[in-house]
Number of protein chains: 2
Amino acid sequence: MGTHHQGTKPEVLALDAYIKLMRAADSVTSRAHLVLPEGLTLTQFAALEALFHLGPLYQSELATKLLKSGGNLTLVVDNLERDGLVLRTRDAADRRFIKVDLTPKGRRFIGALFPKIAASLTHEFAVLSPRDQLALARICKRLGVGRSRPAYATA
Amino acid sequence: MGTHHQGTKPEVLALDAYIKLMRAADSVTSRAHLVLPEGLTLTQFAALEALFHLGPLYQSELATKLLKSGGNLTLVVDNLERDGLVLRTRDAADRRFIKVDLTPKGRRFIGALFPKIAASLTHEFAVLSPRDQLALARICKRLGVGRSRPAYATA
DNA sequence: GGGGGATGGTTTGATGTCAAATCAACGGCC
DNA sequence: GGCCGTTGATTTGACATCAAACCATCCCCC
């Protein structure tokens, strides 16, 4: 490793782990993209999945779950709403809040899609032994500060 | 785990590993962003780093190294050129090719910046034992199909 | 009960990103 | 020597993404 960059041992170790982590994430992401229906983005899928497994959420809650900015969520929800998959409802008690919920069409859509994506990711990760999958989860958990948890993994 | 999503054991294992991988990548990325100088994006940094450690590259080579599309690279190089950090030169022999190289300013810039980023990432990864860093690298390598390698890790 | 700060959402401007269409240049083949 | 397919780069259109500015609403506190 590293005929080009000369660093200390800890540096070489960390940079190597870093780059492989990023490649793996990229790689898995792009392969996940291939399984999504034409026109659905990963973020849109993540939003639908959260609503599917957690029920209606305020936009700010959704932003927190997905680790995205509020401004971003405005656009993502705009597009999902345009496609008739979700519905915005202004909260009666506090008119600042906007509740986002799946439409029946959206529920059918994500309900049919999620199992396929789950199966595909499972297949993807099957190149790793269960032991390695556990190790990966444990190590990554320590790296990620562990903010919110994904819908299907939340109590 | 999973009061919301009921899946088979392998599915739960894979989805958990998947989500933690993505969170870790997100987390490390956003913390890396904080260390970059105002206005420099991660992709711009990656491009400069590749040129710094590998020397001048054709735009298509750069796209391959960074795992980005050609169209994307056009824009990224546009912005770096606008900022006076890189220079485009059309190849005399084959005028379709465009060689990208660092300007002296760009070389000074990335030369001073890279060690700081390397140190920061090393610090970041120090929450993991060397053994875990090795394990992470090994596992991620198997997940990522291992297309091209990063500049400082290329022979 | 009105002012002012806090909070949720939207807008704006810049960048990244891709896929697809287009442009430019090369090179083989007849 | 010219047509045509291939290949590198650019453009275009749609979406993602953030930070920062902005707007609307609420609520605390005097």
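Residue numbering restarts at 1 for every chain, and letters A, B, ... go by the order of the sequence lines.
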Q: With rounding to the nearest 0.5 angstrom, report the CD to CG distance, A:Q44 to A:L66.
A: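 Atom-to-atom, A:Q44:CD and A:L66:CG are 11.5 Å apart.
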Q: Could you check how far CG of A:L62 sits from C1' of C:dG9, rounded to whole Å?
A: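 Atom CG in A:L62 sits about 13 Å away from atom C1' in C:dG9.
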Q: B:A93 or A:E61: which one's nearest nucleotide on DNA chain C is closer to the 5' end?
A: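 Closest to the 5' end, via its nearest nucleotide, is A:E61.
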Q: Using the side-chain heavy atoms of A:N79, tell me which of these nucleotides is nearest: C:dG16, D:dC15, C:dC18.
A: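 Looking only at side-chain atoms, A:N79 lies closest to D:dC15.
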Q: Of all the nucleotides listed (D:dT11, C:dT10, D:dT25), which has the minimum atom distance to the side chain of B:T74?
A: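 For B:T74, the side-chain atoms sit closest to D:dT11.
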Q: Taking NZ, NE, NH1 and NH2 as the nitrogens, is one of them in A:D16 or B:K141 under 4.0 Å from a carboxylate oxygen of the other?
A: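 Salt bridge absent between A:D16 and B:K141.
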Q: Establish whether the base of D:dT25 is bridged to the side chain of A:R95 by a donor-acceptor pair shorter than 3.5 Å.
A: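 Side chain to base: no pair present.
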Q: Remember a base hit wins even if backbone is also touched, and classify B:L42 as base, sugar-phosphate or nothing at under 4.0 Å, heavy atoms.
A: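 Nothing, no heavy atom under 4.0 Å.
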Q: Mind checking B:S60 for me? I need base, sugar-phosphate or nothing, with any heavy atom below 4.0 Å counting as a touch.
A: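 Since only primed, P, OP1 and OP2 atoms lie under 4.0 Å of B:S60, the category is sugar-phosphate.
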Q: Any ion pair linking B:D26 and A:K68 (charged N to carboxylate O, less than 4.0 Å)?
A: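 Between B:D26 and A:K68 there is no salt bridge, as every charged N stays at least 4.0 Å from the carboxylate O atoms.
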Q: Starting at CG of B:L66 and ending at P of C:dC18, how long is that distance when rounded to a whole Å?
A: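 It is 10 Å, rounded to the nearest whole Å.
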Q: Give the rounded distance in Å between these two atoms: NZ of B:K68 and P of D:dA9.
A: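 Atom-to-atom, B:K68 to D:dA9, this comes out as 17 Å.
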Q: Where the side chain of A:Q59 is concerned, which of C:dG16, C:dT10, C:dA24 is the nearest nucleotide?
A: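 Nearest to the side-chain atoms of A:Q59, counting from C-beta on, is C:dT10.
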Q: Would you indicate what B:T41 reaches in the nucleic acid, counting non-hydrogen atoms under 4.0 angstrom: base, sugar-phosphate, or nothing?
A: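 Touches sugar-phosphate only.
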Q: Nearest to the side chain of A:I98, heavy atoms from C-beta on, is which of C:dG9, C:dT17, D:dC26?
A: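 Closest of the options to the side chain of A:I98: C:dG9.
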Q: Under 4.0 Å, counting only non-hydrogen atoms across every strand here, what does A:T43 touch: a base, just sugar-phosphate, or nothing?
A: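 Since only primed, P, OP1 and OP2 atoms lie under 4.0 Å of A:T43, the category is sugar-phosphate.
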Q: Which residue lies toward the 5' end of DNA chain D, A:R90 or A:Q44, if each is placed at its nearest nucleotide?
A: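 Whichever sits nearer the 5' end wins; that is A:Q44.
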Q: Just the rounded figure in Å: distance from P of D:dG5 to CZ of B:R96.
A: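 In whole Å, D:dG5 P lies 16 Å from B:R96 CZ.
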Q: When rounded to the nearest 0.5 angstrom, what is the spacing between CG in A:L36 and OG in A:S120?
A: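 A:L36 atom CG to A:S120 atom OG measures 8.5 Å (nearest 0.5 Å).
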Q: Given that A:R82 and A:G71 both sit by DNA chain D, which one's nearest nucleotide is further toward the 5' end?
A: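 The residue mapped nearer the 5' terminus is A:R82.
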Q: Taking NZ, NE, NH1 and NH2 as the nitrogens, is one of them in B:R138 or A:D132 under 4.0 Å from a carboxylate oxygen of the other?
A: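 Yes, B:R138 and A:D132 are salt-bridged.
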Q: Measure from CG on A:L75 to C1' on D:dC18 and round the result to the nearest Å.
A: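 Distance check: A:L75 CG to D:dC18 C1' gives 12 Å.
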Q: Does A:N72 put a side-chain nitrogen or oxygen below 4.0 Å from OP1 or OP2 of D:dA16?
A: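 Answer is no, no contact under 4.0 Å.
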Q: May I have the distance from B:D83 (atom CG) to C:dT15 (atom C1'), rounded to whole angstrom?
A: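 Distance check: B:D83 CG to C:dT15 C1' gives 12 Å.
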Q: What is the separation between atom CG on A:L73 and atom P on D:dA19, rounded to the nearest whole Å?
A: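 In whole Å, D:dA19 P and A:L73 CG are 14 Å from each other.
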Q: When you check the side-chain N and O atoms of A:S27 and A:R31, is any donor under 3.5 Å from an acceptor?
A: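 Distance-only check passes for A:S27 and A:R31.
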Q: Write down the distance between CE (B:M22) and C1' (D:dT17), rounded to a whole number of angstrom.
A: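 So the two atoms are 17 Å apart, to the nearest Å.
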